[in-house]
Amino acid sequence: MNINYSTAAKHLGSSAVREILKLTQGKDIISLAGGLPGEDLFPLEAVREAYTRVLSSDNTVLQYGLTEGYDPLRDKIAGRLSAQGIPVSSSEIVLTTGSQQAIDLLCKIILDPGDAVLVEAPTYLAALQVLSSYRADVHTVTSDEDGMLPDDLEDKLRRYRPKLLYAVPTFSNPTGATWSEERRIKTVELCRRYGVLILEDNPYGEITFDESEGAYPLSLAAIDRSYNGGYCVVYTGTFSKIVAPALRTGWIVGDPELIRTLAKAKQAADLHSSTIDQRALDELLQGFDIGNHIRLISREYHTRMKLLSTELSSRGWEGAHFREPQGGMFLWLTLSQDINAAELLPLAVDKGVAFVPGEVFYPAQPMRNTMRLNFTHTPPQLVPLAVQRLEEALIMYQQRLLI
Ligand code: PMP
């Protein structure tokens, strides 16, 4: 049958990252492509115990639950956020099926086709997919390593009258970059002045390589809450990187009225997220020192990032450069101008290493000589070999250019 898809469905792109992951499956390939946490660091034993305890508690663990999420877990998230400088009450929180659903639901309740949205370039690929599915008109704000440039932001706020600004200001996916405090303050101030909603997507913020106490960069949501008169920042976070992605539990925080509307959209989407996963997480947070666990994974990811950084630096590839991220899971590598990373990828896969070509993270005008490297998932002992294979692919690529 010839299926007559909706216009929205025709705008659903497939994720390049998932396509690359498929390419690498079942082969002897070291993948620096996926955005995967290190599974050797999952708190498997504690999670197993938490599930065992909730399954031995009472029958309601298998029952339908509230759309907004399991109340005790919402309370705990409110407590954690307040400790991070975002004073919220649990009524301002909806639990979601990962923060991916939070992005989707927010766009669903805010955007009509053709509405303008501002993003950084490069930015999170699956957010671009969501924006495309709602047929948003996506515009890029010029950024440097400290965040969006205020002049360009103001120019685009005036010119496009956007409904939404989407950003990952802390240890970003894909670049690992972190906005300066000054730029954060300026961005919130400008968006408040122009009445534009900000979606602050912060899955990586707690994975900081700075071990000093309270080293979190000030979130846009925290800045926003220091003003009087309503919120302009909607904030989303997740347990995916600090516990495990399989629990599919994220949260979205914002203006109570907006949160109520979002809960209606969630009801239509899936009634509520998994009761048992939320109950297990709530149980986990009672006995398990999550702060200590986050410190442990952050320390290990820091070591893994340093290893990759040292290997890359020691190669001295002509024209290649990167900045070490201060947290998160990704390192952004820029190669010499004449290299197209998407064309390099098949050669790299042949040599036994995979990465994500940077071009997929740009809504338009991609820098094709870039790539995203994940440093959290590959066993550290394989990293030198991965970089060696990448070098072999680069040599092959250069030889082709010469032919
Ligand atoms: N936002 C960003 C920037 C991400 O990198 C990810 C995970 N790749 C998500 C949101 C979604 O995470 P989850 O749905 O697992 O919470």
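Both ligands and their constituent atoms are indexed starting at 1 by order of listing.
Ranking protein heavy atoms by distance to atom 1 (N) of ligand 1, first place goes to D201 OD2, 2.5 Å. Ranking the protein heavy atoms by distance from atom 12 (O) of ligand 1 puts S99 OG, 3.4 Å first. Ranking protein heavy atoms by distance to atom 9 (C) of ligand 1, first place goes to Y124 OH, 3.2 Å. Remark: minimum distance from atom 5 (O) of ligand 1 to any protein heavy atom is reached at Y204 OH, 2.5 Å.
Rounded to the nearest 0.5 angstrom, I103 CD1 and Y124 OH are separated by 5.5 Å.
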Q) Under the side-chain hydrogen bond (donor to acceptor under 3.5 Å, both in side chains) criterion, do D104 and Y134 qualify, and how do the steps go? A) CA-CA 9 Å; D104 182 66; Y134 291 109; 3.0 Å; yes
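Geometrically, R158 does not engage Y194 in a cation-pi contact, judged by NZ or CZ lying under 6.0 Å from the ring centre and within 45° of the ring axis.
Taking a cutoff of 4.0 Å between a charged side-chain nitrogen and a carboxylate oxygen, R193 and E154 qualify as a salt bridge.
Those atoms of ligand 1 with a heavy atom of R248 less than 4.0 angstrom away are 13 (P), 14 (O), 15 (O). Here is the list of ligand 1 atoms found below 4.0 Å of a heavy atom in K241: 7 (C), 8 (N). Within the listing of ligand 1, atoms 1 (N), 2 (C), 3 (C), 4 (C) sit less than 4.0 angstrom from a heavy atom of P203. Each of the following atoms of ligand 1 lies closer than 4.0 Å to a heavy atom of G98: 13 (P), 14 (O), 16 (O).
Checking H302, R299, R295 one by one against E211, the side-chain hydrogen bond (donor to acceptor under 3.5 Å, both in side chains) holds for a single residue, R299.
In this structure a side-chain-to-backbone donor-acceptor pair under 3.5 Å is missing from R323 to A177.
Neither the backbone nor the side chain of F239 comes within contact range of ligand 1; no heavy atom lies under 4.0 Å.
An N or O contact shorter than 3.5 Å links S240 to ligand 1 by distance.
Within a 6.0 Å radius of CD in Q365, no more than 12 heavy atoms belonging to other residues, nucleotides or ligands are found.
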